[in-house]
Each structure stands twice: as C-alpha cells, then as structure tokens.
*Asks:* 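Okay, here's the structure, questions in a sec.
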Amino acid sequence: MQSPTAVQLAVELRLPTNWLDYTILAIYFVVVLGIGFAARKSVKTSLDFFLSGRSLPAWITGLAFISANLAATEILGMAANSAQYGAYTVHWYWIGAIPAMVFLGLVMMPFYYSSKVRSVPEMLLLRFDKWAHLLSSALFAFAAVLIAGVNLYALAIVVEALLGWPQWVAIVVAGFFVLAYITLGGLSSAIYNEVLQFFVILAALIPITVLGLKKVGGWGGLTDKLTAQHGADFTTAWGGTGIGSSNPLGANWLTIVLGLGFVLSFGYWTTNFAEVQRALSAKNLSAGQRTPLIAAYPKIFIVFLVMIPGLVAAALVPNIGTSASGLQYNDAIPYLMQELLPNGVLGIAVTGLLAAFMAGMAANVSSFNTVFTNDIWAKYVVKDREDTYYVRFGRIITAVGVMISIGTAFLASSFSNIMSYLQTLFSFFNVPMFVVFIVGMFWKRASAKSGFWGLLAGTVTAMVNYFVLYKHDIISIPTDQGANFVSAIAGFVAGAVVMVVVSLFTAPKPAEELQGLVYGTKSPGMAEPPAAGDDAWYRRPALLGWGAVIIAAACYIPFSF
C-alpha cells in the first residue's frame with residue numbers, strides 16, 4: 001500500500017516521539033484488550049454478542065454513539081474540509097447532524113426499538129419484503145467494510161508519517177486489536193472501548209486546538225490571515241452561497257440544505273446501522289431514544305475541535321493541498337501535531353488518533369458482523385440453528401470483515417480528502433435506504449415490492465450522477481462535495497418516484513401487517529410507560545431533542561455573516 005505521497009509525508013511529518021509517548025500508547029492498548037476480556041464474561045447468547053443483551057444505560061450508549069462517529073476519518077476528514085473549504089465545515093454538524101439525530105431519537109427509535117429488530121435492514125423485512133431486506137443487507141455489509149477500509153488506509157498513512165512505522169505494521173496492529181476485543185466481548189466490548197476512546201480523542205484534540213489558536217494570534221488573528229489569503233467567504237458559513245454565486249465549497253444554499261442538511265444527514269444518522277446499533281443496545285425504549293439525543297450535545301461543540309485545526313493549518317501553510325507545499329488537506333492535523341505538541345502530550349495525541357481509527361473501524365466491523373450473521377446468513381443460508389452456532393459464526397465473520405477491510409483500504413488511496421470519499425459512499429448507500437424508510441414509514445399505500453425497486457433506483461441513480469454525469473463533465477459541478485450533494489438529492493428523488501409508481505401498480509400490504517411499522521397505526525412510544533423516577537427533565541427525550549436543536553441554531557449566528 002505504499003505510495004509516493006505516503007513516503008514523502010513519512011519524511012516531512014515525522015514526530016519526535018520518545019519513550020514517554022510510546023509508554024502512553026502501550027498503556028492504552030493494554031486497557032483496550034482488558035476491556036475485551038472483561039466484556040467476554042457477559043456474552044452468553046447471540047443477543048449479548050450482537051446487541052449487548054439490550055442492557056446498557058443511556059449515558060454509555062450515548063457516548064458510544066458519538067464516539068463511533070468520531071472516527072479518525074471524521075477528525076482528519078473534517079480538518080481537511082476546513083483547510084480546503086473554510087468555515088463551511090460547520091454545516092456538517094449544525095445542519096448536517098443535529099436535526100437528524102433528534103429525528104432519530106424522537107421519531108424513529110420508537111419504531112426500531114419496539115419492533116425488537118436486531119438491525120436496520122430487518123425493519124425493511126417487516127415493512128416490505130425479503131427482496132428489500134436482502135438488497136439492503138448486502139448494500140450495508142458492502143458499505144461497512146468499505147468505510148472500515150477508509151479507517152485502515154488513513155491509519156496506515158498517518159502512522160507511517162508520524163511514527164515511521166511501515167504501513168503494513170500499522171494495519172496489522174490496529175486490525176489485530178479491533179479483531180481481538182470485538183471477538184472477545186462482542187458489541188459490549190466495542191461500546192465500552194468507544195466510551196474510553198471518546199475521552200482519549202478529546203484529550204488529543206483540545207491541546208492541538210488551543211495551541212493552534214495561540215500560534216496564529218487567537219481567533220481574530222486566524223480570521224484576518226484567512227480573509228487575506230482566501231477572501232471573506234472562507235470564514236463564514238453562508239457567505240457566497242447564493243444560487244449562481246461562487247464559494248470555496250462549490251455548493252449553494254439549496255444544495256447545502258437539501259443535499260447535506262436533509263438527504264445526506266438524515267440518510268446517515270437514521271439508517272446507518274453502525275450508529276443505530278448503539279441505541280438498540282440500550283436497556284429500554286427511553287434509554288434508546290435518549291442515546292442519539294445525549295450524543296447530540298457533544299456533537300454541537302466538537303466541530304470547533306476539528307474545524308479550528310484545519311483553519312490554522314490553512315493559515316500557516318497558505319498553499320496546503322498543492323504540490324508546492326508537499327502537504328495534502330488530510331495532513332492538517334498531523335502537521336499541527338508535529339509543529340505544536342511536546343512529548344507526553346504528543347503521545348496522548350497519537351493515542352487519540354489511533355483510538356479514533358479503532359473506534360470508527362470497530363463500529364463498522366461490529367455492525368457488519370451483526371447484519372451479515374443475522375440478516376444474510378441466518379435468514380437465507382443456514383436457518384434455525386442453535387444460538388451458540390450464530391455466536392461462533394459472528395466471531396468468524398468478524399475476522400473475515402477485518403480481512404476484507406484491509407483489501408478495501410486500497411480504494412481510499414485515490415482521494416486526497418477522505419471526507420469527500422466518505423460522503424460519496426453515504427450518497428450511494430445511506431440515502432437510498434433513507435428514502436425507502438421515510439416513504440414506508442409515512443405512507444401506508446407503499447407496497448411490499450416498492451421497497452426493493454426504490455432502493456435499487458436510488459442507489460443506481462446516485463452512482464450514475466457521480467461516475468457518469470459528474471466525472472465525465474456532462475454536468476458542471478465545481479467540487480467533489482458539491483457533486484455528493486447533487487448525487488444525494490438525485491438518489492432520493494429517484495427512489496421516491498420509483499416507490500410511488502411501483503406502489504400504484506402493485507398491491508399494498510394488509511393493514512394488520514403494518515401495525516407499529518407505519519406512523520399513525522399505533523403509538524409505539526407509549527408502549528412502555530416511564531419508570532418511577534424517570535420523569536426528570538434530563539430523561540425526557542422531547543426536551544433533550546429540542547434543546548439540542550436550539551443550541552445548534554444559536555451557534556450558527558456568529559458564522560452567518
């Protein structure tokens with residue numbers, strides 16, 4: 001997996017690590033394995049292995065929910081976004097995450113949790129038919145190993161650059177530890193490690209952000225430098241986003257709101273099983289609903305910890321992303337680590353990056369083994385075996401998933417901005433699934449056959465828009481991110497139209513089979529009365545959800561002009 005760029009970076013960005021930094025790293029790996037061994041004792045059934053026995057408290061699942069998203073691809077990718085596009089990065093958080101997370105908690109979790117499904121694709125089996133279920137399971141499993149491969153590729157490049165480890169060593173070490181603790185303790189091991197990783201990641205990002213701002217003279221000095229280098233729009237969220245206007249992001253307000261704020265974000269946060277799996281492992285419906293809402297609060301503020309380092313890197317290296325600098329946008333965080341951090345703090349930062357890689361990879365591998373085992377193998381290949389068989393198979397397919405992820409890491413190497421690559425994958429796989437969910441959930445007339453054809457049409461349309469219309473310049477879109485927004489919108493519209501047309505020509509499912517699966521057929525949120533003492537304001541999903549939306553909206557004000 002060597003590349004000229006990676007070799008060049010290994011020389012330019014090598015960190016002056018010493019024994020203290022490696023000691024911190026070693027301690028972290030020991031703790032990770034210790035959590036895996038401790039969690040193994042709780043794994044007695046397949047429900048324990050794949051969903052932690054639905055026994056975890058909301059604060060644990062909430063932190064795991066945000067940590068699974070806060071992978072190194074998120075950290076490096078969003079810092080790269082900021083170095084390339086500026087303050088427009090805030091859209092991925094305040095409009096591209098918070099509303100969808102609130103929608104998941106308040107509207108969709110009652111359906112997911114009350115139906116007792118073990119995965120997101122299983123919901124499509126209940127609402128539509130086996131063909132929609134099988135296609136969605138296959139698409140998700142494929143996407144999961146692709147995204148896990150992104151984490152491995154990013155890990156290999158960064159560790160080689162920073163520590164001088166050969167790429168294959170970095171891949172084998174990280175892959176081994178993820179494989180070990182998931183195989184040992186199943187989802188519980190992954191979740192408890194993600195809680196640990198959340199705090200380690202914060203410990204890595206906060207010093208980089210604070211020292212970076214100090215280096216450029218505070219926020220005022222940073223905005224002055226960036227405005228002089230890139231223009232005033234670079235430090236605003238909405239500047240230059242009028243239709244027909246030009247801006248660094250290459251998108252207008254309509255594609256930002258519809259493509260990112262609605263289609264991409266709702267597609268990711270409400271149907272991506274790597275996230276929803278954490279909420280399904282909660283101990284009851286109330287905890288399941290609060291899982292994404294608790295996660296929404298740190299999500300509001302984490303944008304500053306990934307955006308500011310990217311902006312600082314753009315200010316310190318004005319030609320970053322070009323051959324003149326020798327640095328890609330993805331190198332914003334590693335560059336600042338090299339320039340700003342002393343030993344000890346450097347060890348924490350390196351450990352934080354590795355923790356982030358492992359959190360992202362573990363989330364995708366654990367969701368992959370659940371979907372492949374329960375939704376493909378147990379339903380269509382080897383049916384009705386004893387429970388212990390599926391636990392054994394889940395451990396085996398975990399190893400297979402890690403091996404496949406190593407192979408898919410090669411696909412990520414052609415993208416200088418790995419967040420663009422991830423958004424491309426989301427537009428292909430998450431958006432079509434979201435349109436099938438949303439139409440099926442709110443329209444009783446949607447027929448069983450419409451799920452399969454809507455999912456297929458949405459996926460194919462998004463791919464055609466990106467690979468044919470955009471890549472061959474048949475339509476003019478300034479940037480990859482702009483193309484992702486348009487692909488998402490096209491996939492959503494195509495999926496919805498095909499579902500409506502197919503439903504009009506095919507029979508709907510009987511009304512009795514739709515109870516609890518279509519909005520208005522019953523109120524699944526009332527199926528579980530609140531427990532005694534469960535009426536405190538911080539345990540009320542509606543208050544938590546609207547509070548997050550209001551805070552996120554208020555954060556937009558300083559960046560709007």
Side-chain angles (χ1 to χ4, degrees), residues 5-6 8-17 21 72 74-90 92 154 157-163 201 203-237 239 247-249 302-350 352-353 356 416-420 479 558-559:
T5 302
Q8 179 184 12
L9 292 177
V11 174
E12 294 183 358
L13 292 178
R14 188 67 50 80
L15 295 179
T17 49
D21 303 310
E74 169 89 359
I75 295 170
L76 297 182
M78 284 304 177
N81 254 12
S82 303
Q84 185 172 2
Y85 303 125
Y88 295 102
T89 299
V90 299
W92 271 265
I157 295 299
V158 170
V159 170
E160 183 185 37
L162 299 184
L163 302 180
I201 292 166
L205 291 178
I206 290 172
I208 296 174
T209 303
V210 172
L211 295 175
L213 279 175
K214 182 178 179 181
K215 178 84 171 178
V216 294
W219 180 254
L222 177 62
T223 54
D224 289 344
K225 286 182 173 65
L226 293 175
T227 300
Q229 294 168 4
H230 301 280
D233 290 342
F234 200 79
T235 56
T236 68
N247 60 71
L249 186 58
I302 284 172
V303 61
F304 297 111
L305 300 181
V306 294
M307 180 183 72
I308 290 175
L311 296 178
V312 169
L316 296 178
V317 187
N319 54 358
I320 189 172
T322 67
S323 57
S325 69
L327 297 177
Q328 296 185 10
Y329 296 115
N330 290 330
D331 301 322
I333 293 283
Y335 169 76
L336 294 181
M337 290 171 61
Q338 178 199 55
E339 293 292 312
L340 302 175
L341 300 184
N343 291 110
V345 179
L346 197 59
I348 294 173
V350 172
L353 271 184
S416 65
N417 184 334
I418 52 179
M419 187 50 63
S420 293
T479 64
F559 292 93

*Asks:* Which atom pair, heavy atoms only, marks the closest approach of L205 to I75?
*Replies:* CD2-CG2, 3.8 Å

*Asks:* Report yes if the side chains of L311 and W219 come closer than 4.5 Å at any heavy-atom pair, otherwise no.
*Replies:* yes

*Asks:* Taking the side chain as everything from C-beta on, heavy atoms only, tell me whether L316 gets closer than 4.5 Å to L336.
*Replies:* yes

*Asks:* Mind listing the closest non-hydrogen atom pair of P318 and H230 along with its distance?
*Replies:* O-CE1, 4.2 Å

*Asks:* Taking all non-hydrogen atoms of both residues, which atom of A332 and which atom of A313 are closest, and how far apart?
*Replies:* CB-CB, 3.6 Å

*Asks:* Specify the closest pair of heavy atoms between V216 and A315, including all atoms of both residues, with the distance to one decimal.
*Replies:* CG1-CB, 4.4 Å

*Asks:* Q84 and F234: which non-hydrogen atoms are nearest, and at how many Å?
*Replies:* O-CE1, 3.7 Å

*Asks:* Find the distance between OG1 (T235) and NZ (K225) and round it off to the nearest 0.5 Å.
*Replies:* 13.5 Å

*Asks:* Determine the interplanar angle of the W92 and Y85 rings, folded into 0 to 90°, and report it as parallel if under 30°, tilted if 30 to 60°, perpendicular if over 60°.
*Replies:* parallel

*Asks:* Could you list the residues that satisfy side-chain contact (heavy atoms from CB on, under 4.5 Å) with I348, not counting sequence neighbours?
*Replies:* I24, A203

*Asks:* Of all heavy-atom pairs between S82 and M307, which one has the smallest distance, and what is that distance?
*Replies:* OG-CA, 3.2 Å

*Asks:* With a 4.5 Å cut-off on side-chain heavy atoms, are I320 and D331 touching?
*Replies:* no

*Asks:* Hey, does the side chain of T236 reach the backbone of D233 with a donor-acceptor pair shorter than 3.5 angstrom?
*Replies:* yes

*Asks:* So, taking the atom named CZ in F559 and the one named OG1 in T89, what distance separates them when rounded to the nearest 0.5 Å?
*Replies:* 10.0 Å

*Asks:* According to side-chain contact (heavy atoms from CB on, under 4.5 Å), who are the partners of L341, at least two apart in sequence or on a separate chain?
*Replies:* P207, I208, L211, M337, V345, L346, A349

